[in-house]
Protein chains: 2
Amino acid sequence: MEIDSNPAACQPLLDYFGKLIPLKQEEKELVEAKFHPHTFAKKQFALQEGKVCDHFDFVVKGCLRLFKVDEKGDYHVFQFATENYWILDLTSFHKRIPSSLNIEALEDTLVLRITHRDLLDLYIHAPKFDRIFRVLLENHFMQQQERIGQLFSSTAEERYLSFLEQYPHLFNRIPNTQIASYLGITPEFLSKIRKNLQAKG
Amino acid sequence: MEIDSNPAACQPLLDYFGKLIPLKQEEKELVEAKFHPHTFAKKQFALQEGKVCDHFDFVVKGCLRLFKVDEKGDYHVFQFATENYWILDLTSFHKRIPSSLNIEALEDTLVLRITHRDLLDLYIHAPKFDRIFRVLLENHFMQQQERIGQLFSSTAEERYLSFLEQYPHLFNRIPNTQIASYLGITPEFLSKIRKNLQAKG
DNA sequence: CTATACCCTTAATCTAGGTTAAGAAATCAG
DNA sequence: CTGATTTCTTAACCTAGATTAAGGGTATAG
């Protein structure tokens, strides 16, 4: 693993915020004070079912998955997070209740992490972040709604194709088992889909 | 239809906001200035596919549904909104693009409506609303995530039962066709489920 | 009061996707 | 380099839920 976890490495996050709304110097310093780097080796968990999710993570490098294990023991991926994405269990984070989800590194990963306490603090000292996190949440919400729409009215093949379109940087980076789990199908069926598609063009 | 659309009738909304974060007098006045009552007769559309959604609606009385019509002509309900719920197509609203969704009244309905322009204005004049709408969005997001989880790992019968639990005020208020459409199944299959459940207890 | 539209149910048949099992290929740890 | 774990594929069979069709019930508008 070659990950630079130099504590001054908040730049990607400052860039990200700056694109949403320009930050003043003091706001930048607040970000540097409140967000801390954290690394995870491949297969390491960033959140384990049953624990309260006390952190809001911004991925600088690598890839994480947010997933649930159901009563039958099947895995379901809610979300992948690569560079410049956010990941957490929002429900556990806000309600301060044990999470029913897990977050696991699919690659060696570096995140910038803020705790619940520090985020509230950030909101108080710099209300601009109320707006930033509102916008960020709006974006997440839209993506989720799109996904519900697809689960309702598209076949697994259609969903696979639109996954390839929407996440071209991901499909050759993570195993097909994970993609299947994101699409809500079995790896066997994804394999069948891929074979069919190949037969076409 | 017996709906009081007296323009001073912002009280339910003020109550709603006040429960999240106490409002100052001037903020209350801003709410009264920016939100306007609007009524819809049963079956009337509050938003039509193809138009930009320019309004954020708070339901005071009645019931609306947010739904999509897919390529095959099938209907899929994303959300019902009754008293004290919000409804809009967030994607169209924020991106200012034509909506692919519809909103229709299932009962005679009264909403308090704010336009896109006025909401931005509200954020500028009273940053507290950045926070309020962030919290509101967090709540919506959590509900949606719960729903994705269910679509992944629960059978239609389980989803029906949890719908009954989660929305006890709704199931005897709207037709089963609508509930089926919310659950992502056909009315015929819902009928079968209800029969099975009756056979049990 | 009636007619029309909507709503609910049943039953037969069909299909997208799951399950089980098993082997081949690729990746990884020591 | 080598054994072990993970991943991918194929194929036979199975099931939740869709589709089609049809009859009866119930609002509701005129």
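Numbers restart at 1 for each chain; the letters A, B, ... are given by sequence-line order, proteins then strands.
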Next on the checklist: Tell me the interatomic distance from A:Ile179, atom CD1, to D:dC8, atom C1', rounded to whole angstroms.
Outcome noted: 12 Å

Checklist entry - Does A:Glu104 come within less than 4.0 Å of A:Lys68, counting only side-chain N to carboxylate O? => result no

Checklist entry - Under 4.0 Å between a side-chain N or O of A:Arg159 and OP1 or OP2 of C:dA16? => result no

Item to check | NZ or CZ of A:Arg147 within 45° of A:Phe152 ring axis and under 6.0 Å | outcome: no

Item to check | Pair A:Lys128 + A:Glu27, salt bridge at N-O below 4.0 Å | outcome: yes

Item to check | Rounded distance in Å - CZ (B:Phe152) to C1' (C:dG18) | outcome: 15 Å

Next on the checklist: In this structure, how many angstroms lie between the C1' atom of C:dA26 and the CD1 atom of A:Ile174, rounded?
Outcome noted: 17 Å

Item to check | Nearest-Å distance for atom pair CD1/P, residues B:Ile185 and D:dA16 | outcome: 14 Å

Checklist outcome for this item: Of D:dG17, C:dC7, C:dG17, the nucleotide closest to the side chain of A:Thr155 is C:dG17

Next on the checklist: Does D:dT7 have OP1 or OP2 under 4.0 Å away from a side-chain N or O of A:Asn176?
Outcome noted: no

Checklist entry - CD1 of A:Ile193 versus C1' of C:dA16: gap in Å, rounded? => result 10 Å

Next on the checklist: Please tell me if A:Arg194 has a side-chain N or O lying less than 4.0 Å from either OP1 or OP2 of D:dC8.
Outcome noted: no

Item to check | Audit row: A:Arg117, A:Asp54, salt bridge (charged side-chain N to carboxylate O under 4.0 Å, His left out) steps and yes/no | outcome: CA-CA 8 Å; A:Arg117 174 81 257 131; A:Asp54 191 45; over 6 Å; no

Checklist entry - Salt bridge between B:Glu138 and B:Arg134, side-chain N to carboxylate O under 4.0 Å? => result yes

Next on the checklist: Checking B:Asp108 against B:Lys42 for the salt bridge (charged side-chain N to carboxylate O under 4.0 Å, His left out) test, could you report, in this order, the C-alpha distance in whole Å, the side-chain angles of both residues, the deciding distance, and whether it holds?
Outcome noted: CA-CA 5 Å; B:Asp108 294 339; B:Lys42 186 171 176 171; over 6 Å; no

Checklist entry - Could you state the CG-C1' distance from A:Asn196 to C:dA16, rounded to the nearest angstrom? => result 12 Å

Report, one pair per line, the protein and nucleotides 19-25 of chain D atoms (nitrogen or oxygen only) whose separation is under 3.5 Å.
| from | atom 1 | to | atom 2 | distance (Å) |
| --- | --- | --- | --- | --- |
| D:dT19 | OP1 | B:Lys72 | NZ | 3.3 |

Checklist outcome for this item: Whole-Å distance, B:Leu151 CG to C:dG17 C1', equals 16 Å

Item to check | Qualifying residue for side-chain contact (heavy atoms from CB on, under 4.5 Å) with A:Phe133, from A:Val135, A:Leu137, A:Leu136 | outcome: A:Leu136

Checklist entry - Which nucleotide in the list D:dT7, C:dG17, D:dG17 gets nearest to the side chain of B:Ala156? => result D:dG17

Item to check | A:Lys195, nearest nucleotide to its side chain (from D:dT10, C:dG18, C:dC8) | outcome: D:dT10

Checklist entry - Could you give the CD-to-P distance, from A:Glu158 to C:dA16, as a whole number of Å? => result 11 Å

